[in-house]
There are 2 protein chains.
Amino acid sequence: MDFSKSLIAASSKPLILGILQQGPNYGYDIIQQIKTLSGGQLEWADGMLYPVLHRLEKEGLVTSQWNQSDNGRHRKYYAITELGKAAIHQEQEHWLAMHHVLQKLWSLNSKTSHG
Amino acid sequence: MDFSKSLIAASSKPLILGILQQGPNYGYDIIQQIKTLSGGQLEWADGMLYPVLHRLEKEGLVTSQWNQSDNGRHRKYYAITELGKAAIHQEQEHWLAMHHVLQKLWSLNSKTSHG
DNA sequence: CTTTATACATAGATAATCAATGTATAATAA
DNA sequence: TTATTATACATTGATTATCTATGTATAAAG
């Protein structure tokens with residue numbers, strides 16, 4: 001689909017926080033979930049995700065913890081904080097507000113402009 | 001409302017192109033329209049708008065033309081091109097696709113997670 | 001020992017907002 | 001004339017973000 005950088009940027013925070021609201025998760029699986037959720041439209045590279053996770057952690061919206069999986073591979077599990085849950089609501093409000101502005105504009109333009 | 005930079009960035013292109021689809025317009029008035037459309041939530045500074053307009057022109061999505069207004073002040077009117085109209089559709093598709101991904105995620109999280 | 005999948009991390013190029021600043025015209029007020 | 005406010009366009013510089021490329025490491029399959 002080739003989404004623009006800016007749209008990816010605008011969605012990364014609510015997307016990741018939203019996934020973590022379902023339970024703690026680690027980077028590699030978050031990428032798979034994003035792909036699944038979007039029906040294959042969004043394919044994040046790992047080099048994209050980790051800097052975002054580190055930023056969210058720095059902002060106090062998530063915490064991280066190293067854990068061993070069944071396989072013996074080490075995984076860094078991220079969990080959402082209370083601050084992170086509040087941020088989800090804020091992100092959701094902002095997104096919906098912008099969505100309504102765009103919808104209003106699109107509805108204006110879909111009407112024939114004579115009358 | 002204090003929208004994030006990234007959300008402003010993601011909306012700037014569809015917002016401006018959408019406004020210009022209603023007819024040619026100039027920078028100062030586009031800012032007023034954005035404010036009106038958003039119910040006062042979005043207040044763009046002129047230093048934000050003009051670089052975006054220049055970028056859109058460089059991309060061939062809009063054209064510009066100097067005109068005198070009734071007052072005698074000179075205004076640069078921007079008009080959307082055919083390429084610009086096509087870009088609107090693309091922007092709209094991308095926005096809606098992302099919107100549906102987020103909505104799916106939010107609907108998952110609004111359900112109680114025991115069952 | 002090679003390849004593939006999993007798993008995390010950083011560096012550097014590129015691109016974008018946005019506050020601050022500058023130029024200029026017209027109207028209003030002293 | 002001078003000052004202020006609203007209109008109108010433009011650029012600079014600080015900051016912030018993606019995202020490709022690259023690196024490290026473990027485990028399984030062959």
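Reckoned from all heavy atoms, side chains included, excluding hydrogens, waters and symmetry mates. Each chain gets a letter, A, B and so on, in the order its sequence line appears, and its residues count up from 1.
Counting all heavy atoms, side chain and backbone alike, E59(B) lies closest to L83(B) at O-CD2, 3.7 Å. Closest approach of L105(A) and L15(B) over heavy atoms only: CD2-O, 3.4 Å.
Here the P atom of nucleotide dA9(C) and the CD1 atom of I30(A) are 11 Å apart, to the nearest Å. The nearest whole Å value for the distance from the CH2 atom in W44(A) to the C1' atom in dA17(D) is 11 Å. Atom NZ in K58(B) sits about 11 Å away from atom P in dT11(D), given to the nearest Å. Atom NZ in K76(A) sits roughly 17 Å away from atom C1' in dT26(D) (whole-Å rounding). Rounded to an integer number of Å, the gap from E57(B) CD to dC9(D) C1' is 13 Å. To the nearest angstrom, P of dC9(D) lies 7 Å from OH of Y78(B). Between N67(B) atom CG and dA8(D) atom P the separation is 13 Å, expressed in whole Å. For L7(A) and dA17(D), the CG to C1' distance is 14 Å, given to the nearest whole Å.
Look at Y26(A) and you'll find a side-chain N or O under 4.0 angstrom from OP1 or OP2 of dA7(C). Distances shorter than 4.0 Å separate none of the side-chain N or O atoms of R55(B) from OP1 or OP2 on dA15(C).
Closest approach to the D46(B) side chain among dT10(C), dA10(D), dC8(C) is made by dA10(D) (side chain taken as heavy atoms from C-beta onward). Closest to the R75(A) side chain, of the nucleotides dC9(D), dC8(C), dC18(C), is dC8(C). When distances are taken from the side chain of H54(A) to each of dA9(C), dA19(C), dC9(D), the shortest belongs to dA9(C). Set against dT18(D), dC8(C), dC19(D), the side chain of Y28(A) has dC8(C) as its closest nucleotide.
Judged by closest nucleotide on DNA chain C, Y50(A) is the one of Y50(A) and K5(B) placed further toward the 5' end. Between S6(A) and G27(A), the residue anchored nearer the 5' end of DNA chain C, judged by the nucleotide with its closest heavy atom, is G27(A). Positionally, the nearest nucleotide of DNA chain D for Q32(B) lies more toward the 5' end than for the other of Q32(B) and I8(A).
Checking V62(B), I80(B), V52(B) one by one against I16(B), the side-chain contact (heavy atoms from CB on, under 4.5 Å) holds for a single residue, V52(B).
Among residue pairs with one or both ends in residues 14-65 of chain A, those qualifying as ring pair (Phe, Tyr, Trp, His ring centres under 6.0 Å) are Y26(A)-Y77(A); sequence neighbours excluded.
Residues L7(A) and W95(B) have side chains in contact (heavy-atom distance under 4.5 Å, counting atoms from C-beta outward).
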